[in-house]
Amino acid sequence: MNSTEILDKDSITAVKLLPRVIEITSQERRMIQDAAEHLQRKYGSYENREFITHVHQLASYFLPERILHIAADFASDFSKNQYGALAFRGLMDIDQESIGTTPPNWQSADYSKFNLYGFACALIHGALPSKPVQYYSQRKGGGLMHAIIPDEKMRETQTGSGSSTDLYVHTEDAFLKHQADFLSFMYIRNEEQVPSTLYSIRSHESIGENFRPLFERKFKIPKDANLETGTDEEEVLDAILYGNYELPFMRFDAAEQLFNPSIRQADDAHYHLNEFWEEARHLIYSGFTPQAGDVILVNNHLCAHGRSAFRAGVRNIDGIEYRCERRIMLRMMSKVSLMEMRAHTLTEDPFFVIEEHLGKNFENI
């Protein structure tokens, strides 16, 4: 079960659904660390095809039983009490000395320094009915794990490389029909103490008739800002909410759909998006500040994610600013049904997704 918080609002007592936080014991942490080290010796890389093929069996064998059960239950729970995010506090010990100085951007990151942590993330995904996959739309060439690092040149952008503005909550790759089902975020360092933000569609007291228009395919869902849009591209519309009317899933990116000045939603669509956002923005949760070694697991159909604005490389303590190492976060994504999306993967690699925008594939790959 997820935790709840009692709120006193206008003398009416309400219960707010919160993401569940799991405290990893020292014994569990040791088991996960030992497993990652063993798998690294055996397979070399977390991208080894044999490792990925058998990741479910390996997760069942190596993960602590409690963690295995929590993750498996999380993956199949779509109830009104399922927030859609789990925070594992202290899943791994991070060797900060071996990581060294934070590189200036993700392009210059040395992934060999994150190899051990990739095995741990993959094992968590292995506890779900979901295989780690890579997307060509993510940095033109995929990779099962991405280092998210603040980049001074991109500090004002609505991307993981930004820092000086709040990153609006969004479901990952909302512009893809076959977006990831589950995401994991492992925090390697967060010395600036930046809170993560989460927003669950289950946080609403109910999904009433006023939200029924969100199930209609009339909303522009533009491509990611990092992808070029051709001038002759046909406009594609889709729904914000889908699935069960009372307990829906969502596809939502506030920055692109509401606040991107170049996206002109139809008047009716814009009205309903604004109405939705006016309620949703008050339900955003920012009460968890991840520490090194924490992992947040997200159901990408139930829960959107983002982060607060911060000054990269600066930590504020009692009003005094201190220089520190910039944050590093590792993101891994996984998908449940690989057969369903086979038309959108490389012929020689069913774990490599080449979808560009709402069912259209990249050309010339």
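Treat the numbers as computed from the prediction; the structure is a model and nothing was measured. Along the sequence shown, residues are numbered consecutively beginning with 1. FYI, side chains are in, hydrogens and waters are out, and symmetry mates aren't considered; it's all heavy atoms of this structure.
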Chemist: Could you check if a side-chain atom of F175 sits within less than 4.5 angstrom of a side-chain atom of S137, using non-hydrogen atoms only?
Modeler: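 SC-SC contact between F175 and S137 confirmed.
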
Chemist: Mind listing the closest non-hydrogen atom pair of I188 and A292 along with its distance?
Modeler: O-CB, 3.2 Å

Chemist: Heavy atoms, side chains only, cut-off 4.5 Å: are I99 and F114 in contact?
Modeler: yes

Chemist: Drop me the distance from M329's CE to I148's CD1, to the nearest 0.5 angstrom.
Modeler: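 It comes to 4.5 Å.
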
Chemist: Give the C-alpha distance, both sets of side-chain angles, the deciding distance and a yes or no for side-chain contact (heavy atoms from CB on, under 4.5 Å) between M92 and V295.
Modeler: CA-CA 9 Å; M92 289 279 282; V295 170; over 6 Å; no

Chemist: Using the rule that two of Ile, Leu, Val, Met, Phe, Trp, Tyr join whenever any of their side-chain heavy atoms come within less than 4.5 Å, decide whether F182 and I67 are in one cluster.
Modeler: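 Yes; I67 is reachable from F182 via cluster members.
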
Chemist: Is a side-chain donor or acceptor of D173 paired with a backbone partner of L176 at a separation under 3.5 angstrom?
Modeler: no

Chemist: What are the two closest heavy atoms between A59 and A127, and how far apart are they?
Modeler: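 Reported closest heavy-atom pair: CB-N, 3.8 Å.
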
Chemist: How many angstroms lie between atom OG of S45 and atom CG of L39, to the nearest 0.5 angstrom?
Modeler: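 Spacing of OG (S45) from CG (L39) equals 11.5 Å.
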
Chemist: Do the side chain of N190 and the main chain of R327 share a donor and acceptor less than 3.5 angstrom apart?
Modeler: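 A pair under 3.5 Å: no.
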
Chemist: Any donor-acceptor pair under 3.5 Å linking the side chain of H56 with the backbone of G126?
Modeler: yes

Chemist: Is the backbone N or O of T289 less than 3.5 Å from a side-chain atom of Q193, with the two atoms forming a donor-acceptor pair by type?
Modeler: no

Chemist: Please tell me whether Y187 and S196 have a donor and an acceptor in their side chains that are separated by less than 3.5 angstrom.
Modeler: yes

Chemist: Does the pair L237 and E216 meet the rule for a side-chain contact (heavy atoms from CB on, under 4.5 Å), with working shown?
Modeler: CA-CA 9 Å; L237 304 178; E216 299 175 23; over 6 Å; no

Chemist: Could you report the tightest heavy-atom contact between H357 and P222, atom names first, then the distance?
Modeler: NE2-C, 4.0 Å

Chemist: For atom OH of Y168, decide whether the heavy atoms of other residues, nucleotides or ligands shown that lie under 6.0 angstrom number more than 12.
Modeler: no

Chemist: Have Q138 and D224 got a donor and an acceptor in their side chains that come within less than 3.5 Å?
Modeler: no

Chemist: Please indicate whether E97 has more than 12 foreign heavy atoms, meaning atoms of other residues, nucleotides or ligands, lying under 6.0 Å from its CD.
Modeler: no

Chemist: Checking Q179 side chain against A174 main chain: does a donor-acceptor pair fall under 3.5 Å?
Modeler: no

Chemist: Decide whether S108 and N105 meet the rule of one side-chain donor and one side-chain acceptor closer than 3.5 Å.
Modeler: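 Note: S108 and N105 side chains meet the donor-acceptor criterion.
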
Chemist: Show your reasoning for whether side-chain contact (heavy atoms from CB on, under 4.5 Å) applies to I201 and I207.
Modeler: CA-CA 9 Å; I201 191 64; I207 301 297; 4.2 Å; yes

Chemist: If hydrophobic clusters are built by linking Ile, Leu, Val, Met, Phe, Trp and Tyr wherever their side-chain heavy atoms come under 4.5 Å apart, do M186 and I149 end up in the same one?
Modeler: yes

Chemist: Can you check whether D294 reaches F288 side chain to side chain, under 4.5 Å on heavy atoms?
Modeler: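 Yes; the side chains approach each other to less than 4.5 Å.
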
Chemist: How about K16 and S203: do any of their side-chain heavy atoms sit closer than 4.5 Å?
Modeler: no

Chemist: A quick test of your reading: do over 12 heavy atoms of other residues, nucleotides or ligands sit less than 6.0 Å from CD of E278?
Modeler: yes

Chemist: To the nearest 0.5 Å, tell me how far I52 CD1 sits from H125 NE2.
Modeler: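 Taking CD1 in I52 and NE2 in H125, the distance rounds to 9.5 Å.
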
Chemist: Is the closest side-chain heavy-atom distance between D93 and D95 below 4.5 Å?
Modeler: no

Chemist: I'd like to know whether CZ of R217 has more than 12 heavy-atom contacts from other residues, nucleotides or ligands below 6.0 angstrom.
Modeler: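 No, the 6.0 Å shell around CZ holds no more than 12 heavy atoms from other groups.
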
Chemist: Sorted by first residue and then second, give each side chain to side chain donor-acceptor pair (under 3.5 Å) pair with at least one member in residues 57-74; sequence neighbours left out.
Modeler: E28-R66

Chemist: What distance do R89 atom CZ and E23 atom CD have between them, rounded to the nearest 0.5 Å?
Modeler: 4.5 Å

Chemist: Under a 3.5 Å cutoff, is there a donor and acceptor pairing between the side chains of N115 and Q40?
Modeler: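 N115 vs Q40: donor-acceptor pair found between side chains.
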
Chemist: Considering non-hydrogen atoms only, spot the tightest contact between D166 and A309 and give its length.
Modeler: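 The pair with the smallest heavy-atom distance is OD1-N, 2.6 Å.
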
Chemist: Quick one: closest heavy-atom pair of E156 and S164, and the distance?
Modeler: CG-OG, 3.2 Å

Chemist: Mind checking whether I317 and Y322 have side chains closer than 4.5 Å, heavy atoms only?
Modeler: yes

Chemist: Please state whether the rings of W277 and F252 are parallel, tilted or perpendicular, taking 30° and 60° as the class boundaries.
Modeler: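 Geometry flag for F252 against W277: tilted rings.
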
Chemist: Would you please classify the geometry between the F276 ring and the Y199 ring as parallel, tilted or perpendicular, with 30° and 60° separating the classes?
Modeler: perpendicular

Chemist: Do V133 and H178 have side-chain heavy atoms sitting under 4.5 Å apart?
Modeler: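 In short, these two side chains do not touch, never coming nearer than 4.5 Å.
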
Chemist: Within this structure, what is the CG-CG distance for the pair L183 and N300, rounded to the nearest 0.5 Å?
Modeler: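 Between L183 CG and N300 CG, I get 4.5 Å after rounding to 0.5 Å.
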
Chemist: Could you tell me how the ring of Y136 sits relative to the ring of F352: parallel (under 30°), tilted (30 to 60°) or perpendicular (over 60°)?
Modeler: tilted

Chemist: Using ring pair (Phe, Tyr, Trp, His ring centres under 6.0 Å) as the criterion, point out the one residue from F62, Y46, F119 that pairs with F51.
Modeler: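 Among F62, Y46, F119, the one meeting ring pair (Phe, Tyr, Trp, His ring centres under 6.0 Å) with F51 is F119.
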
Chemist: Please report the closest heavy-atom contact between S308 and T197, naming both atoms and the distance.
Modeler: OG-CG2, 4.0 Å

Chemist: Is the side chain of S200 donor-acceptor paired with the backbone N or O of G84 at a distance under 3.5 Å, no angle test?
Modeler: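 No: the side chain of S200 does not pair with the backbone of G84.
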
Chemist: Distance check, rounded to the nearest 0.5 Å: M250 atom CE versus L302 atom CG?
Modeler: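 Between atom CE of M250 and atom CG of L302 there are 7.5 Å.
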
Chemist: Please confirm whether the backbone N or O of T102 pairs with a side-chain atom of R326, one donor and one acceptor, at under 3.5 Å?
Modeler: yes

Chemist: In plain terms, say whether K223 and E356 are close enough for a salt bridge, that is, a side-chain N and a carboxylate O under 4.0 Å apart.
Modeler: yes

Chemist: Give a yes or no on this: more than 12 heavy atoms of other residues, nucleotides or ligands lie within 6.0 Å of atom CD of E205.
Modeler: no

Chemist: Are H270 and N274 linked by a side-chain donor-acceptor pair shorter than 3.5 Å?
Modeler: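 Per modelled atom types, H270 and N274 side chains form a pair under 3.5 Å.
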
Chemist: Go through the side-chain N and O atoms of D110 and S112 and say whether any donor and acceptor fall under 3.5 Å apart.
Modeler: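 Present: a donor and an acceptor within the cut-off.
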
Chemist: For residues 333-342, pull every pair meeting salt bridge (Lys or Arg N to Asp or Glu O under 4.0 Å), keeping only residues two or more places apart or in separate chains.
Modeler: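 Residue pairs with at least one partner in residues 333-342: D181-K335.
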
Chemist: Assess the side chains of R189 and Q96: does a donor N or O sit below 3.5 Å from an acceptor N or O?
Modeler: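 Distance-only check passes for R189 and Q96.
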
Chemist: Give a yes or no on whether the backbone of K177 and the side-chain of E355 come within a donor-acceptor separation of less than 3.5 Å.
Modeler: yes

Chemist: Test side-chain contact (heavy atoms from CB on, under 4.5 Å) on L258 and Q265; report intermediate values, then the result.
Modeler: CA-CA 8 Å; L258 270 172; Q265 299 281 356; over 6 Å; no

Chemist: Is there a side-chain contact between N244 and F78 (heavy atoms, below 4.5 Å)?
Modeler: no

Chemist: Taking atom CD of E246 as the centre, report whether more than 12 heavy atoms of other residues, nucleotides or ligands fall under 6.0 Å from it.
Modeler: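 Counting neighbours around CD of E246, 12 or fewer heavy atoms of other residues, nucleotides or ligands fall under 6.0 Å, so no.
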
Chemist: Are more than 12 heavy atoms, taken from residues, nucleotides or ligands other than D267, located less than 6.0 Å from that residue's CG atom?
Modeler: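 For D267, atom CG is not crowded (no more than 12 foreign heavy atoms under 6.0 Å).
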
Chemist: Before giving the answer on side chain to side chain donor-acceptor pair (under 3.5 Å), spell out for S79 and D77 the whole-Å C-alpha distance, their side-chain angles and the decisive distance to 0.1 Å.
Modeler: CA-CA 6 Å; S79 70; D77 182 5; 2.8 Å; yes

Chemist: Parallel under 30°, tilted from 30 to 60°, perpendicular over 60°: which one fits the rings of Y242 and H301?
Modeler: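 Taking H301 first and then Y242, their aromatic rings stand perpendicular (interplane angle over 60°).
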
Chemist: Is there a donor-acceptor pair closer than 3.5 Å between any side-chain N or O of R29 and the backbone N or O of G90?
Modeler: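 Yes; at least one donor-acceptor contact below 3.5 Å.
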
Chemist: Looking only at atom types and distance, does a side-chain atom of S334 sit under 3.5 Å from a main-chain N or O of P132, one as donor and one as acceptor?
Modeler: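 Between the backbone of P132 and the side chain of S334 there is no qualifying donor-acceptor contact (under 3.5 Å).
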
